[in-house]
Amino acid sequence: MYLSTPSSDTLTSAARQAALKTTYPAPLLASFAPRLIAWQREHGRHDLPWQNTRDAYRIWLSEIMLQQTQVSTVIPYYARFLERFPTVEALANAPVDDVMALWAGLGYYTRARNLYRCAQVVAGQHGGQFPRTVEGLAELPGIGRSTAAAIASFAFGARETILDGNVKRVLARVFGVEGFPGEKRVENGMWTLAESLVPDAAATDADVSAYTQGLMDLGATLCTRGKPDCERCPFASDCVAKTTNRQRQLPASRPKKAVPTRRTWMLVLMDGDAVMLEKRPPSGIWGGLWSLPEAADEAALAARAEGFGADVASVSPLAPLAHTFTHFKLDIEPRIAELAELAEPGRKGRALVAQDADTAWVPLREIDAYGVPAPVRKLLDGLRGSLI
DNA sequence: AAATCGGGGCC
DNA sequence: GGCCCAGATTT
């Protein structure tokens, strides 16, 4: 049952549908589908390679590719896939490495693996036929509720609604749906609204296809995130966002949640005017950038300083700085140290420090030539100013 | 640099 | 069953 709109409170599905009419203008609800269909036929996209087919395999393949990549990128991949794997059986029987090789460049490789797994399930357990219902489709790997609805409506004329990011944006604007669509309550309301909008039983399969395609086309070509082309929109006269000039506010963006704070200690190890930078691991925060050696606490940083050849007694604090990421705030505790004197009088030595591909002595004036995280650069810029 | 995105997986 | 993530792109 998880595919049906999750019931909120005690309302039945019918009651929730009825409640929509008190929330949104009935004439808009009633005219939405015919207007969208008319617009799609006149101004929508009609020549995409996966249109004008009812082959569920082709539609599925396009939908999976389009989940993550824009149309212009998908087109050549789609063509190559179909040439190499004309049927779901051909895909299922291919070595997985062949599939991955053809996918290479599209990214999101777990979805390629799901694509392959899905093909094997369809070929092996469904006789090569994709399930015809949203429920059946959504049990397959890589197919969720929205993708299932896209396949069911395009391939089988099912009167089911999609609800992807584009559609959420269109609905939020046209109907003035408040709240962040990533929030369950808001999303559930959008599913109910979207379901109420699908063409009625009188609609032909072609109408259903035009409707679903229209939802996609409107969001992708007119009702875009940045600069919607309201002048060409068939709903401009009714659209809540347009008529109240809130295109930028709808849909509501993710609420800024209080982010956790992490704390890190950074070593500013100086040798004259040069500072030691370390290359960070390729993935994770500041992946691949050059930064200061780090440690999780004061003692660990002192140990690192000593390991590099600094006199621990010379390690002293600089002003802390904060940097905010999407997910968390980083408090940086910088500690500055100089290399200890070598036994040979009057010489400090870079030779003490292992020079490998992941460490570098960089004169402060040259750090711009390295990829250095913004807060670290700021810190070093300040240091440079004070040393001169 | 920040925001966004469907589905999967984790709890 | 709900929440958050992984992995990538667009703006």
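Each chain gets a letter, A, B and so on, in the order its sequence line appears, and its residues count up from 1.
One can place CG of Leu140(A) at 12 Å from P of dG7(B), the figure rounded to the nearest angstrom. At whole-Å resolution of the value, NZ in Lys227(A) and P in dT11(C) are 7 Å apart. The CZ atom of Arg113(A) sits 15 Å away from the C1' atom of dG7(B) (whole-angstrom rounding). When rounded to the nearest whole Å, the span between CG of Leu137(A) and P of dG7(B) equals 11 Å. With rounding to whole Å, Glu139(A) atom CD is found 14 Å from dG7(B) atom P. Rounded to a whole Å, the CD atom of Glu183(A) is 20 Å from the P atom of dG1(C). Atoms CZ (Arg145(A)) and C1' (dG1(C)) sit 14 Å apart, rounded to a whole Å. Rounded to whole Å, atom C1' of dT4(B) lies 11 Å from atom CG of Asn166(A).
Checking dT4(B), dA8(C), dG7(B) against the side-chain heavy atoms of Tyr109(A) singles out dA8(C) as nearest. Picking from dA3(B), dG7(B), dC5(B) the nucleotide with the shortest atom distance to the side chain of Arg225(A) gives dA3(B). Candidate nucleotides dT4(B), dA8(C), dG7(B) were compared by shortest atom distance to the side chain of Thr147(A), and dG7(B) ranks first.
Each of Asn114(A) and Tyr108(A) lies near DNA chain B, and the nucleotide nearest Tyr108(A) is the one positioned closer to the 5' end. Nearest-nucleotide positions on DNA chain C for Thr110(A) and Thr73(A) put Thr110(A) closer to the 5' end.
Using a cut-off of 4.0 Å between Lys/Arg side-chain N and Asp/Glu carboxylate O, Glu83(A) and Arg80(A) are scored as not salt-bridged.
For the pair Arg113(A) and Trp103(A), the cation does not sit on the ring face, since its NZ or CZ is not both under 6.0 Å from the ring centre and inside 45° of the axis.
Phosphate proximity of dG7(B) to Gln67(A): present, with a side-chain N or O under 4.0 Å from OP1 or OP2. OP1 and OP2 of dT9(C) both lie 4.0 Å or more from every side-chain N or O belonging to Thr69(A). OP1 or OP2 of dT10(C) has at least one side-chain nitrogen or oxygen of Gln70(A) nearer than 4.0 Å.
Aromatic pair Tyr57(A)/Phe85(A): ring centres not closer than 6.0 Å.
The minimum heavy-atom distance linking Lys168(A) with Met190(A) is given by the pair O-CE, 3.6 Å.
Note: Phe130(A) and Trp60(A) have tilted aromatic rings, judged against thresholds of 30 and 60 degrees for the angle between ring planes.
Gly226(A) comes within 4.0 angstrom of nothing in the nucleic acid, heavy atoms only.
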